[in-house]
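Written below as structure tokens is the structure these notes are about.
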Amino acid sequence: MTDTLQGQTEAHEQTQPAVTTMPMVKALNAGLRAAMADDDNVLLMGEDIGPLGGVFRVTEGLHAEFGGSRVLDTPLAESGIIGTAIGLAMNGFRPVCEIQFDGFVFPGFNQITTQLAKLTNKHTGALQMPVVIRIPYGGHIGAVEHHQESPETYFAHTPGLRVLSPSTSNDAYWMIQEAIRSPDPVVFFEPKSRYWQKGEVDTSAHGAPLHSSRVVRQGSDATIIAHGAMVTTALQAAELAADEGISLEVVDLRSISPIDFEPVLASVRKTGRLIVAQEASGFVSVGSEIAATVAERAFYSLEAPVLRVSGFDVPFPAARLENDFLPDADRILEAVDRSLAY
Amino acid sequence: MASVNDTQNFTVRMLAADGTFAPSPAAEKYLPVLDGLTDDDHQQFYRDMVVTRTLDVEATNLQRQGQLALWPPSHGQEAAQVGSARASRPQDTIFPSYREHAVALIRGVDPLGILALYRGVTLGGWDPTDPANGNFRLYTLVLGAQALHATGYAMGTTFRGEAATGDPQTDKATMVYFGDGSTSEGDVNESMIFAASYQTPQVFFLQNNQWAISVPVERQSRTPLFQRAAGFGLDSVHVDGNDVLASYAVSRQHLENARGGHGPQFIEAETYRVGAHTTSDDPTKYRTADELDSWVARDPIARFGTWLRAQGAPDSFFGEVDAEAKDIASDARRRCLELTNPDRDQMFDFVYSDDHPLIVEQAEWLDAYEESMEGGAEQ
């Protein structure tokens, strides 16, 4: 390539935003690749993430590109993955661990909660713990036991962890890179039912700040708050409601710890009505925390009690019952009706 | 089937319990390691053991006087700890459990840090990222959790090419300490699996002190524990943990094996917890006086002292060591009593490295609350 052509190409890249349409699984792959190219200390660890590319193919091609010392197919032991990631972080690495499915994180729960979450505090700040734990989570895929759960509350409850959940391809691309750059441990929940949903990714422009919630649809009658896969469901509900002349505002939480409450409170002050939607069981959940905080901080703006639309407080059922367990747009709209009728 | 303590045929021992030099058959191959030790080294081993025990007695007293919340005594385990710690090189990284007081001191940690931890004024006690502390990581109270950290750390050493270059002056090894109870924890087993898989430059140092609080080692295992390690593919050895020369020799050799690229190594040092598990424990409820007496008769300091005298160490040496140990202990005691409570902001300051709005908000709220209470008291 001549200098002239090179210059033209660069000028072209600067003027044209690099927007590509891709499913979330590809966006995550691109984000991981960018993070690994950017910092040699970033390495991936997990089960079947090497030549196979992970059971969801999020790491496809990375083993071939970066080699077995950067993309580690580990022994089959979740505590071992997290515990050795902690040791690698103590040695200056930035490990990104893949837990194969949501329900399989618990063998590693001790290392995450008693060690990873607390080590910076125990070292009075002298030690940073830049470890990311990626967890494909949630239902809608008709899978067997332990493969459809939403355990984010356990981690949000633990001081020292940051908890994220992107809902779009663009957020997935940017948030995974920012999670890897964070000096703190991040539990990164990927809504696996949206892995193959396509969306625009702008690789030239940064998305929203990491720990910010965002209004993704403007409305005036009631507010729906959701995270992960439930954002799509909330948008479907808003679309259906619009047909009936009801204007719903939808807020994508994006970050579960910390929660960025300002956009939530601003929306509630505008609409006066709030419904929190989540796949997880409702008892002592992220939705409970939002309801409590909104009641504390926006009490006089509320025209109706905050309502939660959640999975039931039962074990995630057999796949043929998942549609009875998981909230859908109709269950959100039923709560909207109750709120508006209050 | 061998019983858990049926280890006579393969135990590495240099000194008999009466202090005579009588290498066991298994010790033969480690004898050349001892050639590298000078009289000064021998005296240093003795000094380390006496200082540790004197501090241990002082710390136990401090707890009894209400100055420490808790103390886990190291009494009886000095030879296992001193021999292995003196075998490590400056570039090595050490992951302790919570009773490795001798190792801490040898690596350069101020005993005040350990006292501060057990006094309840800190969750750490020293900064392992400060080179002055000899790469001695913080104590870990969740049993066996540190074994995985050590293995991960050692994996990193391999990835960076910092071991197996052939230069023992710079090649790095990692050593992790844990006890017989911890060998039943999944994390210790998983750490051996990962260590074997990635061929880490690492030594697992098990102090089998016979008791996990009140439960005897037979409840953890019916086979000698070092033989389990062999099943994971680790080169493993059994050593008399009350013999500082044997502990040094096997530790030195296996650390060199690890740093030289020969994969993870496992040492079981058989010793005895002469004191209680911690100051909250009453060992007379679960073990016999006869058993205790039989181990006191194998005391590591008395054994090595007898040998040193036979080697010609003068009475004055022993007197000087005792005096030095008392000075160190009383100095630590004085400084312990001067420790003040941490600033309450410490509770909030280090939860995250980057700001977390919830924590900032709660810290500000507590400040305002305390201020309002102080204002109220004045009125």
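Note on naming: letters A, B, ... go to the chains in the order of the sequence lines (proteins, then strands), and numbering restarts at 1 for each one.
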Pairs of heavy atoms under 4.5 Å with chain B: top-ranked of A:Leu119, A:Thr124, A:Ile259, A:Asp40: A:Thr124

statement: Residues A:Thr120 and B:Ser353: closest non-hydrogen pair is CG2-OG, 3.7 Å

query: Do B:His356 and A:Ser257 meet the criterion of a side-chain donor-acceptor pair at a distance under 3.5 Å?
result: yes

- request: State the CZ-NZ distance between B:Arg137 and A:Lys122, to the nearest 0.5 angstrom.
  value: 11.0 Å

message: To the closest 0.5 Å, what do you measure between CD (A:Gln115) and CG (B:Asp187)?
response: 8.0 Å

- prompt: Is atom OH of A:Tyr154 surrounded by more than 12 heavy atoms (other residues, nucleotides or ligands) closer than 6.0 Å?
  reply: no

B:Tyr139, part contacting chain A, at a heavy-atom distance under 4.5 Å: backbone

task: Under 4.5 Å, counting heavy-atom pairs only, tell me which of A:Leu127, A:Asn110, A:Thr74 racks up the most with chain B.
output: A:Thr74

task: Could you have a look at A:Ala126, A:Pro95, A:Pro107 and say which one has the most heavy-atom pairs with chain B under 4.5 angstrom?
output: A:Ala126

task: Could you tell me which portion of A:Thr114 (side chain, backbone, both or neither) has an atom closer than 4.5 angstrom to a non-hydrogen atom of chain B?
output: side chain

statement: chain B shares the most heavy-atom pairs under 4.5 Å, among A:Leu43, A:Asp260, A:Leu72, with A:Leu72

message: I need the residue from B:Asp130, B:Thr151, B:Asp127, B:Val142 with the largest number of non-hydrogen atom pairs under 4.5 Å to chain A.
response: B:Val142

query: So which heavy atom on A:Asn91 is nearest to which on B:Tyr153, and how close?
result: ND2-O, 2.8 Å

message: Using heavy-atom distances under 4.5 Å, tell me whether A:Ala85 contacts chain B through its side chain, its backbone, both, or neither.
response: neither

task: Side chain from CB out, backbone as N, CA, C, O: work out which of these in B:Asn135 comes under 4.5 Å of a heavy atom of chain A, or both, or neither.
output: neither

statement: Whatever's closer than 4.5 Å to a heavy atom in chain B on A:Gln128 counts as both

message: Nearest 0.5 Å, please: how far is CG in B:Leu138 from NE2 in A:His123?
response: 4.0 Å

message: Does any backbone or side-chain atom of B:Asp354 lie under 4.5 Å from a heavy atom of chain A? Answer side chain, backbone, both or neither.
response: both

Identify each donor-acceptor pair in which a side-chain atom of residues 357-369 of chain B lies under 3.5 Å from a protein atom, sequence neighbours left out, and give them as a table.
residue: B:Glu361; atom: OE1; partner: A:Arg297; partner atom: NH2; Å: 3.4
residue: B:Glu361; atom: OE2; partner: A:Arg297; partner atom: NH2; Å: 2.6
residue: B:Asp367; atom: OD1; partner: B:Arg344; partner atom: NH2; Å: 3.2

- request: Check each atom of B:Ala145 against the heavy atoms of chain A and say whether the ones under 4.5 Å are side chain, backbone, both or neither.
  value: both

- request: Would you name the heavy atoms of A:Arg162 and B:Asp355 that are closest together and state the gap between them?
  value: NH2-O, 3.1 Å

query: With only heavy atoms counted, which part of B:Thr157 is less than 4.5 Å from chain A, the side chain, the backbone, both or neither?
result: both

- line: Correct closest heavy-atom pair for B:Gln346 and A:Asn121 would be O-OD1, 4.2 Å

message: If you compare all heavy atoms of B:His149 against all heavy atoms of A:Gly83, which two are closest, and at what distance to 0.1 Å?
response: CD2-O, 3.4 Å

- prompt: With a distance cut-off below 6.0 Å to the six-membered ring centre and an angular limit of 45° from the axis, does A:Arg70 pair with B:Phe159 as a cation-pi contact?
  reply: no

task: Identify which part of B:Thr129 has an atom lying under 4.5 Å from any heavy atom of chain A, answering side chain, backbone, both or neither.
output: side chain

query: Do B:Arg160 and A:Phe93 come close enough that some side-chain heavy atom pair is under 4.5 Å?
result: yes

message: For chain B, which candidate among A:Pro75, A:Ala117, A:Ser182 shows the most heavy-atom pairs at distances under 4.5 Å?
response: A:Pro75

query: Roughly how far, to the nearest 0.5 Å, is CG of A:Leu88 from CE of B:Met155?
result: 5.0 Å

- line: What one should report as the nearest heavy-atom pair of A:Leu161 and B:Tyr352 is O-OH, 2.8 Å

- prompt: Of the backbone (N, CA, C, O) and the side chain (C-beta and beyond), which part of A:Asn41 lies under 4.5 Å from a heavy atom of chain B, both, or neither?
  reply: side chain

